[in-house]
Amino acid sequence: MRLKIKNGRIIDPENNIDQTGNLFIEEGRIVGINKAPKGFKAEQEIDASDQIVCPGLVDLCARLREPGQEYKATIATETAAAIASGVTSICCPPDTIPVIDSPAVVELIFQHSSNSRLSRVFPLGALTFGLQGKTLAEMDALKTAGCVGVSNAYAPIDDAEVLRRALEYAVTCEITVHLYCEDSSLRNNGVVHEGPISTRLGLPPIPETAETVAVSRALLLVEQTGARVHFCRISTVRSIELLADAKLRGLDITADVGIAYLHLTELDIGTFNTDCFVLPPFRSQRDKEGLRAGLASGTISSICSDHQPHDADAKSAPFSMTEPGASTIEMLLPLTLQLVRDKTLTLQQAIAALTSAPARIAGINAGSLSIGSPADVCIFDPEASWTVERDSLLSAGKNTPFASWEMIGKVTQTILGGNIVYKN
Amino acid sequence: MTGNNIQLDTKGRLKHFLTIEGIDRSLFIEILDYAESFAAVGERAVKKVPLLRGKTIANLFFEPSTRTRTTFELAAKRLSADVLNLNILSSATKKGETLLDTLQTLEAMHCDMFIIRHPNSGAAHFIASKVAPHIRVINGGDGRHAHPTQALLDMFTIRKHKPDFTTLKVAIIGDVSHSRVARSEIHALSVLGVPEIRVIGPRTLIPNDIESLGAHPYYDMNDGLKDVDVVMMLRLQRERMRSALLPSEYEYFKRYGLNEEKLALAKPDAIVMHPGPINRGIEIDSKIADSERSVILQQVSHGIAVRMAVMAMTMGNRSGETQ
């Protein structure tokens with residue numbers, strides 16, 4: 001199909017484009033910006049006046065709960081929520097049941113996601129077998145099966161020798177390691193940031209050092225092994241300093257932050273609000289400001305949803321008996337645009353953090369409007385406002401800490417491989 | 001999401017009793033005054049009043065407790081209520097029944113009030129947010145969060161000896177980090193206007209942010225006890241202790257155990273309190289526990305009166321209605 005998206009403000013950070021004009025799509029690929037290819041005759045036109053046209057968003061971490069936890073969500077429900085939120089590419093971490101540590105599980109995920117024909121799904125394989133932190137996973141086989149990176153998800157690797165060898169083996173397989181840093185002994189079964197809230201509510205605390213000690217250890221091992229490591233879900237300002245330092249010394253590392261961490265702090269837990277039980281925990285106001293500054297400076301290049309849909313029971317118990325994680329993918333774009341209104345980021349930076357930067361980290365052909373690239377496009381109205389209502393969320397997970405928040409910015413159409421797959 | 005305000009009704013009256021936070025001074029004093037009238041009941045030959053006749057109160061204890069459960073039970077019986085004791089450690093939840101299933105089963109048995117003791121912080125709030133509207137919930141201790149009836153009975157006891165809270169220096173000694181009692185005491189002392197609240201213990205047992213609750217940390221017993229009017233010892237909860245927090249009981253007693261020498265630093269008329277059960281020789285020297293400075297046994301008997309008051313008030317009774 002030949003498609004013309006006309007009169008939109010086209011923003012493509014990868015190619016440093018920000019101009020009002022037309023975008024031309026043919027046979028699932030971008031074929032022109034402003035200038036139509038010779039003989040191009042649109043079969044369909046989309047009027048994008050007063051709207052922003054950008055690459056489809058790339059989310060480095062969203063849990064789809066399949067296989068194994070279909071009672072929470074499925075690839076079908078979550079990719080539908082994603083596509084309505086402008087997200088056309090999703091990396092899903094390996095903590096499914098069974099774990100993504102064999103090509104068979106990768107195959108199953110590809111099968112289910114191609115059935116749904118919504119967002120593209122890119123699995124991350126396991127770094128260690130069963131995520132147990134003891135023996136290496138078959139990284140080469142996982143890569144061959146289609147995994148775009150390896151990760152131990154939230155499971156800790158307590159043994160530094162195992163982490164060292166896992167990084168070395170990842171170098172051998174030329175695969176990126178998505179590393180979540182938590183020292184499980186310092187976390188000590190904690191559930192909230194160690195600060196005024198943990199003291200007031202008497203909830204087991206997670207000190208800042210549970211993250212920073214693990215980040216430091218990982219940085220030294222990256223230096224030793226030369227592994228390509230992406231640091232996931234950074235939550236403290238102190239970690240940002242460590243990462244910035246390491247980058248200055250020439251380490252080839254990247255980092256991301258979950259969208260909710262740029263808006264919420266420990267104080268949002270209020271009186272045991274289980275929707276705010278997340279890992280890493282929401283931290284102090286100072287950390288929140290530091291994460292925003294880290295994005296602005298480029299130490300953190302990417303924002304992900306860290307979407308974790310849950311069934312109602314998972315959040316319905318005394319705080320520390322509930323399951324961590326928040327349903328966030330539908331708020332990813334508007335809450336990132338909020339950073340522009342707050343003068344934290346420019347619009348270009350904000351869109352880069354959702355498109356070109358995560359695509360580069362995942363090493364996938366997405367996140368840009370370059371001529372010849374897959375025509376995954378997100379069209380949104382930057383001024384349209386809407387209110388988050390739990391029951392109106394498309395995700396099967398209604399566990400959002402943003403219920404009743406006003407969002408500004410709404411996706412109007414999503415195009416995947418040249419086809420209009422969502423229209424509001 | 002559950003807020004503190006769920007323990008008060010729209011008129012600001014006690015509906016549940018979950019935490020001291022959010023109880024203002026006048027309501028606090030009202031509860032203490034009401035408890036005075038019940039204290040007298042305990043002295044009579046017939047120790048019963050008919051206020052809660054026909055009501056069923058369920059003691060839901062998800063962790064072991066003798067003292068708290070017994071005083072709640074006695075309090076309920078003196079108010080003429082029927083009491084159901086459920087030791088849930090050994091029953092339903094082990095069979096995979098969720099907390100909510102257990103509650104619904106009890107609701108179906110037409111219970112009117114749940115007394116909750118649970119190892120997780122926030123359990124009482126959670127339950128209060130889920131029960132049917134006619135059911136009252138009283139927190140008998142949740143995790144490290146709150147033990148509000150203990151704080152009430154301790155304030156009741158202090159008031160007997162030191163009626164003016166606004167001139168007091170109070171020290172709380174021991175494992176503050178893991179103590180729901182300490183958190184509730186700090187809130188209660190603040191509400192009643194105590195100008196100087198100190199917490200004393202090793203850094204491993206005092207939260208870094210304790211000043212955010214309005215308490216000043218001391219790591220040396222000799223500095224912390226100087227000129228205090230009330231010495232509140234905490235139980236060293238050995239079952240909660242992690243191995244990295246303290247080297248030995250011997251060393252703990254040496255630094256933070258209360259003996260005559262250390263007590264001499266407090267005001268000459270300072271009283272000594274302990275929520276019980278006491279670890280003699282670990283937190284407190286037997287000589288002091290049994291001395292006239294100790295009000296530990298008074299605390300126990302006040303516990304019944306205070307719990308009667310809270311139960312009666314949450315069920316809609318008011319001061320002056322004891323008969």
#### Entry: Rounded distance [0.5 Å steps], NE2 in A:His193 versus CG in B:Asp209
7.5 Å
### Query
Is there any salt bridge (charged side-chain N to carboxylate O under 4.0 Å, His left out) pair reaching into residues 189-202 of chain B, and which pairs are they, with sequence neighbours excluded?
B:Glu196-B:Arg198
### Task
Give a yes or no on this: more than 12 heavy atoms of other residues, nucleotides or ligands lie within 6.0 Å of atom CZ of B:Arg67.
yes
### Task
Keeping to residues at least two apart or across chains, list the salt bridge (charged side-chain N to carboxylate O under 4.0 Å, His left out) pairs with something in residues 304-322 of chain A.
A:Arg63-A:Asp306, A:Lys72-A:Asp311
## Note on the structure
From the list A:Ser320, A:Ala403, A:Ser316, the residue making the most non-hydrogen contacts under 4.5 Å with chain B is A:Ser316
#### Entry: Atom group of B:Ile210 that falls short of 4.5 Å from chain A, counting heavy atoms
both
### Message
Among B:Ala124, B:Ala146, B:Ala123, which residue has the highest count of heavy-atom pairs closer than 4.5 Å to chain A?
### Response
B:Ala123
### Which atom of A:Pro318 lies closest to which atom of B:Ser121, heavy atoms considered
CB-O, 4.4 Å
### Query
Which atoms of B:Ser212 come close to chain A, meaning under 4.5 Å heavy atom to heavy atom: side chain ones, backbone ones, both, or neither?
side chain
#### Entry: Smallest separation among heavy atoms of A:Arg200 and B:Arg183, with atom names
O-CD, 3.8 Å
### Task
Please name the pair of heavy atoms, one in B:Arg144 and one in A:Pro205, separated by the smallest distance, quoted to 0.1 Å.
NH1-CD, 3.7 Å
### Message
Parallel, tilted or perpendicular: which one describes the rings of A:Phe272 and B:His145, with boundaries at 30° and 60°?
### Response
perpendicular
